[in-house]
Asks: 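Before I ask anything, here is the structure I am working with.
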Amino acid sequence: MNERLELLTAYPFERLARLKAGISPPAELAHIAMSIGEPKHAPPAFVVEALRASLGKLDSYPATAGLPETRAACAQWLRRRFQVNVSPEGMVLPVNGTREALFAFVQAQIGNAGGATRPVVAMPNPFYQIYEGAALLAGAEPVFLDTTAENRFQPDLNAIPAEVWKRCQVLFLCSPGNPTGAVLSLDFLREALALAERHDFVIASDECYADLYRDEHSPPPSLLQAAVASGHDRFQRCMVFHSLSKRSSVPGLRSGFVAGDPALMKRFLLYRTYHGCAMPIPTQLASIAAWNDDAHAAANRALYREKFARVLPILQPVLDVVEPDGGFYLWPDVHGDDEAFTRELFATQNLTILPGSYLARDSRGPAGAGRANDNPGRQRVRISLVASVDECVAAAHRIRKFLETSK
Ligand SMILES: Cc1ncc(COP(=O)(O)O)c(C=O)c1O
């Protein structure tokens, strides 16, 4: 067996199931799930129709590189959304959702894992769990950059010493962030890129929430824009990850793409050819329809905004919570044990959220500088506003009641 599998920690939802085990929540309240980041808005009818209309195309193997039309639609979206010119030939690749691509990219990228100096994969903390698993299975050491209210949930790039950056082969960034909702500025991204150049590593920028943001006049920037602003017009050292799951509420379609540095892309394509993860043609045709349309994504964004607008006035008088700049999560500070908060909320209100500490790792801070057992997700919880507006409002009332009666 691959002994690295032993290094993987239990996925947050396994731990959540254990936390809830044996509890009988009040049967008169219907269960509300706010733990998983699975969009629940109706998928756009035209995307479903495009999928249905192309089901006859199952009679041939799809190419790993995808259809030229798929790559073109992705490149055109990047141009409209971020004003960047990405060649559909060699700079774009369709992937079956960003999850598999984030994982696979690290496997393709990490070199010399058995050598004398262990490669590092750096990532924000808390983080999307795939980053850590990908690093461990590739034989790299995960290094965590805590994102806390004190640093406005921006990873502190200066907290890692130069000798660690020297071992770094991949830096994960996530903007808008899961779970914090923080957006990384163009200046931050340029700083990260300068560091990547100095220490010769690659940035994997997870931008799967890029189309869900608060301010219509200031959409979150992409690492690709930072590359152009820094004179890297071939996106050297950059790989960005985009998805239709959140943008178009089609998590079941399993569709996204990667874009960036053609030298990285060439190797990644080779890896994927052997891995065997070409996107089915019907999925590609439905994806083209989705990437070509921005109106449904704007409507989707508006629906999340409505939820924040309805839910926050109910919660803010009793909970330390702010509206995030992007994404669809609330990340409140519960000023107490996040596991106990989650368990009691479920036990009394039949409402499931996720303890923040499950999404982060204990971090000893910069280079082991003494902050033992500091889990930056501790005392926070993640609340996904994925259900309908009415359900989210009902959930907010339950949380408020829970807090008012537990005082
Ligand atoms: C930060 C982040 N990255 C990636 C993903 C994976 O999304 P998908 O594989 O559906 O594109 C998720 C899903 O929850 C996520 O939250």
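Ligands are counted one by one from 1 in listed order, and the atoms in each one are counted from 1 as well.
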Asks: Between Phe127, Phe172, Tyr131, which is the residue that forms a ring-ring contact (aromatic ring centres under 6.0 Å, His included) with Phe144?
Replies: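 For Phe144, the ring-ring contact (aromatic ring centres under 6.0 Å, His included) check succeeds only for Phe127.
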Asks: Quick check against the 3.5 Å criterion: does Arg382 have a side-chain atom that pairs as donor or acceptor with the backbone of Pro179?
Replies: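 Not at all, since once roles are kept as given, no pair shorter than 3.5 Å links the two residues.
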Asks: Pairs of nitrogen or oxygen atoms, one from ligand 1 and one from the protein, closer than 3.5 Å: please tabulate them with distances.
Replies:
residue, atom, partner, partner atom, Å
ligand 1, 3 (N), Asp206, OD1, 3.4
ligand 1, 3 (N), Asp206, OD2, 2.6
ligand 1, 7 (O), Thr98, OG1, 3.2
ligand 1, 9 (O), Thr98, N, 3.1
ligand 1, 9 (O), Arg99, N, 2.9
ligand 1, 9 (O), Arg254, NH2, 2.7
ligand 1, 10 (O), Ser245, OG, 2.6
ligand 1, 10 (O), Arg254, NH1, 2.9
ligand 1, 11 (O), Thr98, N, 2.8
ligand 1, 11 (O), Thr98, OG1, 2.7
ligand 1, 11 (O), Ser243, OG, 2.6
ligand 1, 14 (O), Lys246, NZ, 2.7
ligand 1, 16 (O), Asn178, ND2, 2.8
ligand 1, 16 (O), Tyr209, OH, 2.7

Asks: For Pro376, is there any backbone N or O sitting under 3.5 Å from a side-chain donor or acceptor partner on Asn125?
Replies: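 No; zero donor-acceptor contacts below 3.5 Å.
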Asks: With sequence neighbours excluded, give me every salt bridge (Lys or Arg N to Asp or Glu O under 4.0 Å) pair touching residues 269-298.
Replies: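 Found Arg80-Asp294, Glu100-Arg272, Arg247-Asp294.
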Asks: Kindly give the heavy-atom pair with the smallest separation between Pro355 and Asp338, and that separation in Å.
Replies: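 Smallest heavy-atom distance, with atoms named: CB-OD2, 3.3 Å.
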Asks: Determine yes or no for a side-chain-to-main-chain donor-acceptor pair under 3.5 angstrom, with Gln284 supplying the side chain and Met279 the backbone.
Replies: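 Judged by distance alone, yes, a pair lies under 3.5 Å.
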